[in-house]
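Just below is one structure, and these are the notes that go with it.
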Amino acid sequence: MNDLKRLAFQRKNKMVFLVVASLLKGIATIGQAFFFVFIADRVFLQNAAFESLFPLFGGLFVAILLRAGAGYAIGRAGVDLAADVKSEFRKDLIKSFAENPLLSAAQGQSGQKVSLLMDSVDEVDGFFSKYIPQLMQTYIIPLLLLGVIFTQNWTTGVIILITAPFIPVFMAMVGKGTKKKADEKMEQLNRFSGTFLDILQGLSTLKLFGQAETQQQEIRKSSLSFRDSTMDVLKSAFLSSLMLEYISMLSIGIIALEIGLRLVVFDSISFFTAFFILILVPDFFNLLKDFGSAFHTARGSVSAANQLSAELEKKHSVLIWGDEVLAQEPPHLSLEGLSFRYGEGFALNPLRAEIPPYSQVAIVGKSGSGKTTLMQLLAGLLPQTEGELIVNGIPREAISEKSWFDQLSYISQNPYLFAGTIRENMEIGANRKVSDEEVLAAAKKAGIAEMIFALEQGFETLIGEAGRGLSGGEKQRIALARAFLKKPSLILFDEPTTGLDLRTEQILQESLRELQKTSTVITVAHRLHTIKQADLIFFLDNGNLDAAGSHDELLQNYSPYEEMLAAQQGGSQR
Ligand code: ADP
């Protein structure tokens, strides 16, 4: 509850507004009672002329208006406050899911669960729209009323001082029980919706296996227990309002008795004072009672809020590279038993290897040996079945998706281009405004500039779903141009298998050399040149990392490597 209160008090302007409005409401309440009693006193006891009362009626009217206005303003401020806090909660939740969707998915946050959390945000409403405004009023108005009552007749003040504390004490007692029940209800609700959804989704399967009947019982059971816990909460809420009613009735009764005795029997108090007090006292207790019911609403909100805070506090991400794109050092990568299996099918067996910063790694192996799978695993596009990819000493999953993908370019054989212009497709990775010159330079380095110039609309040509079709190689070079604009520190490149013309091949070679200056480059290599240049070659065979080393090392120690080169090049090149 204190956390929620802090959220409210952080919004200082609204709280100051509430205090001022509550003060005005208190003053108006007293004014209203004063004018009312004064008029009655004049009319009935002093037989005043009706015309002489006009200014008093004016005063009464103003007081009533002011009280209503202040009440309205307090209500509005509460609703505004609630809307403000709720929108912040929603934003935080969305941010926390968006920052790490893969991790959220891994933690079992399916769509339903997310929407359930979003619903909990609404449950927080009561706390801010009802409880906080009531709390401020309860701090201020009863004190004002009590002050006035004391000046009028101090014995009444003393009676109030003795009886009023019973209300908060009693509320605290009942409140404790209610809180537990409200928590229980929340959990029941969650469990109920979970069961219900599970069963609905699996309904056809259940029917096939003749389980529909049993599940019907299951739904019946959980809905009944949800009903019971709701009734429990309501019961204690009703019970507590009944008790509050009793306490305040009793107190008002005692005060009325005291005043009546003094007025009629002892004649030690004026009619004006007696009437004035009798009008103010119920107002005093009404405020406390309203606070009591607001308190119950707040209890429900607190359960929901606890759920939300627990969700928001989950460590979704650790930023390790920071969010600055430029001047990033390539990371040190360690593959610690990294493995992956497609369901019951192909498995990439646990891999162990170190990839220091600025390495050039070539992944080689027969078709179907698992090269693409390994690349996707390294990119974080496939979740490992076992083991870890350790990045600068931190497990890959602990890094937020944003900061990971900000540092990474994955240029597959068939990269995804979205519907838009060529330029937009290039800029996407850069995450910043890029100048025409930069776009042109990137296109040149990627060997795609000539092709783009040949198009009627150049960089503004529409491509992707709605636009012009591009060949696999062209798409790949646009993706390469993206990488030049993005300047990532880790590049995963699936080299084209299809033959390139000599010129494009040269451009590509140069491009890669340039990218290697600022990043680690891991390539699925098909070209002998790339393989020979690599610091580290991973030789994959049927899902196993059979050998790792430089070209020379593998030539000396690992005969399948030589055989592969021979097969690839007809044995002519080494
Ligand atoms: P490479 O890139 O070396 O040719 P891949 O990593 O693409 O090899 O594929 C390795 C094995 O995994 C192949 O036998 C392929 O059939 C299988 N495979 C690839 N993708 C999937 C998938 N989505 N589901 C199941 N099996 C797959």
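FYI, side chains are in, hydrogens and waters are out, and symmetry mates aren't considered; it's all heavy atoms of this structure. Numbers here are sequence positions counted from 1. Both counts, for ligands and for their atoms, begin at 1 and track the order of listing.
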Does Lys486 come within less than 4.0 Å of Glu427, counting only side-chain N to carboxylate O? no
Under a 3.5 Å cutoff, is there a donor and acceptor pairing between the side chains of Glu386 and Ser339? no
Looking just at side-chain N and O atoms, do Gln360 and Thr523 make a donor-acceptor pair shorter than 3.5 Å? no
Atom-level proximity to ligand 1, residues with heavy atom under 4.0 Å: Tyr342, Phe346, Lys366, Ser367, Gly368, Ser369, Gly370, Lys371, Thr372, Thr373
Ile411 versus Leu492: any side-chain heavy-atom pair under 4.5 Å? no
Using 30° and 60° as the class boundaries, would you call the ring planes of Phe127 and Tyr131 parallel, tilted or perpendicular? tilted
Could you go through Asn392 and His332, starting from their C-alpha distance and side-chain angles, then the distance that decides it, and tell me whether this counts as side chain to side chain contact (heavy atoms under 4.5 Å, CB included)? CA-CA 5 Å; Asn392 287 346; His332 183 101; 3.8 Å; yes
